[in-house]
Protein chains: 2
Amino acid sequence: MCGQCNYRSLLQAGGLEPTLNRLRVLEVIGSNSSPLSAHDILATVNRTAGINRVTVYRILGLLVSKGLVERLSGGGRSLVYGLAPNEHHPAHPHFHCRSCGALQCLQPGSLKVDLRGIERSFAGEIQGVEVRVDGICRNCLKRA
Amino acid sequence: MCGQCNYRSLLQAGGLEPTLNRLRVLEVIGSNSSPLSAHDILATVNRTAGINRVTVYRILGLLVSKGLVERLSGGGRSLVYGLAPNEHHPAHPHFHCRSCGALQCLQPGSLKVDLRGIERSFAGEIQGVEVRVDGICRNCLKRA
DNA sequence: TGACAAATGCAACTATGTTGCATAATGTCA
DNA sequence: TGACATTATGCAACATAGTTGCATTTGTCA
């Protein structure tokens with residue numbers, strides 16, 4: 001997702017000590033082209049260094065609460081994590097393949113959501129919008 | 001959600017025997033003003049008749065696979081179920097309160113999603129779009 | 001160094017959903 | 001109606017995702 005992010009500074013900007021584990025988790029999330037599940041993040045970090053499952057969950061919770069990472073529904077039962085939108089990464093929808101479960105990022109402008117109507121009429125504070133497109137991806141279509 | 005639906009006919013149109021349990025589950029979903037979790041559906045049906053947890057999950061799976069019910073991410077860890085869009089119920093976004101977890105339906109037209117861009121450029125089959133607005137609901141704002 | 005706080009690990013737990021198999025209910029046909 | 005097949009349901013056990021409590025380790029600063 002990003003070559004422009006300095007993860008250490010990101011953590012510090014969020015008021016978090018840039019520990020090795022936090023850096024590793026954030027790097028895994030930031031360098032992947034689509035959001036990852038906690039399970040995948042754990043597996044990836046574990047390939048190069050040992051880390052505990054619980055530690056991963058706790059770091060993810062911290063990163064989300066500090067606004068560095070966004071937690072999305074992956075379309076299935078588990079939640080997925082991606083870099084939160086910022087100046088380098090505009091918010092964008094995701095596509096979820098119902099056949100293979102894969103998740104991919106769609107172009108930020110590819111799907112227009114008009115929030116104005118809702119902001120006018122809705123009595124509450126809007127903090128974010130998640131748009132997920134479900135269907136069958138190209139690979140699975142070919143395979144069928 | 002609906003006073004116009006004949007649940008028995010809906011089930012039969014989906015090729016499902018209209019058993020008592022299926023009718024009860026579908027009625028609970030259809031008569032609630034917002035999508036419900038499997039847990040809530042089980043609890044509601046159990047207030048008037050006994051039904052097993054597994055049976056509820058199996059019925060929900062059937063209803064979703066036949067297109068009578070849609071399965072959405074509730075914003076938290078569990079999935080929620082609502083009547084699938086049809087001529088009486090246009091598709092609509094949902095609001096999820098991050099404070100109390102409540103889910104509510106938003107007006108169908110309140111949030112415009114432009115699918116055309118994506119349909120042109122995306123190499124895959126699009127089956128549905130889920131839009132969820134996250135934030136803090138009116139009640140929780142007042143309480144804070 | 002010693003004391004304190006923050007981060008991590010481990011085990012156990014909760015919540016949500018699924019599977020295998022037995023039983024009960026329902027439909028079909030002679 | 002009775003026998004059989006099919007379908008729906010229930011129960012127990014399992015699987016997966018995430019959380020909590022508490023002990024240990026690591027880092028920071030006087």
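Order of the sequence lines fixes the chain letters, A, B, ..., with proteins taken first and strands second; residue numbering starts at 1 for each chain.
At whole-Å resolution of the value, CG in B:Asn52 and C1' in C:dT23 are 13 Å apart. Rounded to whole Å, atom P of C:dA6 lies 17 Å from atom CG of A:Leu11. Atom CD of B:Gln12 and atom P of C:dG27 are 11 Å apart (whole Å). In this structure, A:Arg24 atom CZ and C:dT8 atom C1' are separated by 12 Å, rounded to whole Å. Computed from coordinates, the B:Arg22 CZ to C:dT26 P distance equals 12 Å when rounded to whole Å. In this structure, B:Leu20 atom CG and D:dA8 atom C1' are separated by 12 Å, rounded to whole Å. Taking atom CD1 on B:Ile59 and atom C1' on C:dG17, their separation rounds to 15 Å, with Å as the unit. Rounded to whole angstrom, the span from the CG atom of A:Leu16 across to the C1' atom of C:dT8 amounts to 15 Å.
Atom CZ of A:Arg47 sits about 4.5 Å away from atom OG1 of A:Thr44, to the nearest 0.5 Å.
A donor-acceptor distance shorter than 3.5 angstrom exists from the side chain of A:Arg22 to the backbone of A:Glu17, with no hydrogens or angles considered.
With hydrogens and angles left out, the side-chain atoms of A:Gln107 and B:Ser121 include no donor and acceptor closer than 3.5 Å.
Nearest nucleotide to the B:Ile51 side chain, out of D:dA8, D:dG10, C:dG9: D:dG10.
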B/S/- contact track for nucleotides 18-30 of chain D, protein heavy atom under 4.0 Å
BBBB---------
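In this structure, B:Ile29 and B:Leu83 approach most closely via the heavy-atom pair CG2-N, 3.6 Å. Closest approach of B:Ala84 and B:Gly67 over heavy atoms only: CB-O, 3.3 Å.
Proximity of A:Thr19 to the phosphate of C:dA7: no side-chain N or O atom is located under 4.0 Å from OP1 or OP2.
Cluster membership for A:Leu36 and A:Leu10, using ILVMFWY side-chain heavy atoms within less than 4.5 angstrom, is shared.
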